[in-house]
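Inspection log for the structure reproduced underneath, given as structure tokens.
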Protein chains: 2
Amino acid sequence: MASTSERALTQKRPGGRSARVRAAVLKATLEELVAVGYGLLTIEGVAERAGVHKTTIYRRWGDRETLVLEAMLERGSREVPIPDTGSLRQDLLEYGRAVLASSMEPEVEAVVRAVAAIGDSDPRVAEAARTFWRTRFALASRMIERATERGEIPPPPDAALIAEMVIAPIYFRMLVSRERMDSEFMERVADLAAEVAGAQR
Amino acid sequence: MASTSERALTQKRPGGRSARVRAAVLKATLEELVAVGYGLLTIEGVAERAGVHKTTIYRRWGDRETLVLEAMLERGSREVPIPDTGSLRQDLLEYGRAVLASSMEPEVEAVVRAVAAIGDSDPRVAEAARTFWRTRFALASRMIERATERGEIPPPPDAALIAEMVIAPIYFRMLVSRERMDSEFMERVADLAAEVAGAQR
């Protein structure tokens, strides 16, 4: 089930012992990220948790960044559903709620924090994150396109940016301002994004 | 010049050798964050760069989180100016540009990434970030209040959230999606935030 990019990274075909080791190591990487965070993550710690020798990990992944990158690709392959309620404001609200709920899952949160910490020290991580979010916003743009098709709003110049407006405050609060996110917050953000898109209240 | 919260953390009054050590260590912490990132930051590395013995740092700061917290408070005390151009859209654009430029300074970027990585493992860091951003958004709300006072827009229900809409995408792209931020991006974000606030194009 590995994606092309994942396969290119490990250069192993799925199935057999190799795949079992890979699955165990990536699972252990996520668990270690949740348990100790990226700052204290070590290949030794992951090896111990996965029940493999640390040289296995060093040989196959080489460094922490590659481990976190693969764990990120693996975890990120689960998609957030795109709602279709017949109202743009409601679609944006349900989408925001789903992304917020997903971002609060310990494994997702740990991966996001690790990616934020890695910065530009590993360009593959940045590239993978970019591709992931472009795909996600392209999917989310369907909410805005459907609203245009049913005549709820005029075609907006940049549908993806409207989806980004719903998502950005969630991660800003989680990673930067640490401000609380209650249900009223998500309602307000969805209201503003729907207004921007031209929807009537 | 240390703020009350900084003084409470170190329990030393400013001035003298103690203050010089503190300044050298916090400067070295920022430099180490830029050089190696939070993941590889060690108290030993900071001590070497600051030219102090590592036991000095352990005794006074105790752990990495406290060091990063103090460095953050120190660096964060420099304020981004709040523009007053006579047009809300222009104010939001210039404000966004100033925050974007600030976020790209290596020391600021390194601190933001470290804070994102620390997560909830240190509640003092979360609390300091929350206070910092509440203060910043309260200051930024003046742009929206001035626009209301000059009759450009009706009073919006939540001025701080409009400022947050300008800022959140900057940090979302920097930390999460790694999407490029060109001048058109900032223009579009300022347009959308001004529209939300009720300003006419």
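Chain identifiers are assigned alphabetically (A, B, ...) following the order of the sequence lines, protein sequences preceding nucleic acid strands; residue numbering begins at 1 within each chain.
Put simply, the side chain of A/Arg178 never gets that close to the backbone of B/Arg130: no donor and acceptor are under 3.5 Å apart.
Residues of residues 25-37 of chain A never come within less than 4.5 angstrom of chain B, heavy atom to heavy atom. When the heavy atoms of residues 131-150 of chain A are compared with those of chain B, the residues falling under 4.5 Å are A/Trp133, A/Arg134, A/Phe137, listed by number.
For A/Tyr95, there are no ring pair (Phe, Tyr, Trp, His ring centres under 6.0 Å) partners, not counting sequence neighbours. Taking B/Ser183 as the reference, nothing meets the side-chain contact (heavy atoms from CB on, under 4.5 Å) condition, with sequence neighbours excluded.
Other residues, nucleotides and ligands place more than 12 heavy atoms under 6.0 Å from the CD atom of A/Glu187. More than 12 heavy atoms of other residues, nucleotides or ligands lie within 6.0 Å of CD in B/Glu105, so this atom counts as buried by the packing criterion.
In terms of heavy atoms, A/Val112 sits closest to B/Val176 at CG1-CG2, 4.4 Å. The heavy-atom pair separating A/Pro157 from B/Arg188 by the smallest distance is CG-NH2, 3.6 Å.
Contact annotation for B/Ala126: both backbone and side-chain heavy atoms come within less than 4.5 Å of a heavy atom of chain A. The contact between B/Glu179 and chain A is made by backbone and side chain atoms together, counting heavy-atom distances below 4.5 Å.
Counting heavy-atom pairs closer than 4.5 Å to chain B, the top-ranked of the candidates A/Val189, A/Ile170, A/Leu175 is A/Leu175. With chain B as partner, the option from A/Glu109, A/Arg113, A/Arg64, A/Met165 having the largest number of non-hydrogen pairs under 4.5 angstrom is A/Arg113. Counting heavy-atom pairs closer than 4.5 Å to chain A, the top-ranked of the candidates B/Ala110, B/Ser177, B/Ala193 is B/Ser177. Most heavy-atom pairs under 4.5 Å with chain B, from the set A/Leu41, A/Leu161, A/Leu40, A/Val125: that is A/Leu161.
The distance from the CZ atom of A/Phe172 to the CE atom of B/Met174 is 11.0 Å, given to the nearest 0.5 Å. Atom CG of residue A/Leu192 and atom CG of residue B/Leu192 lie 11.0 Å apart, to the nearest 0.5 angstrom.
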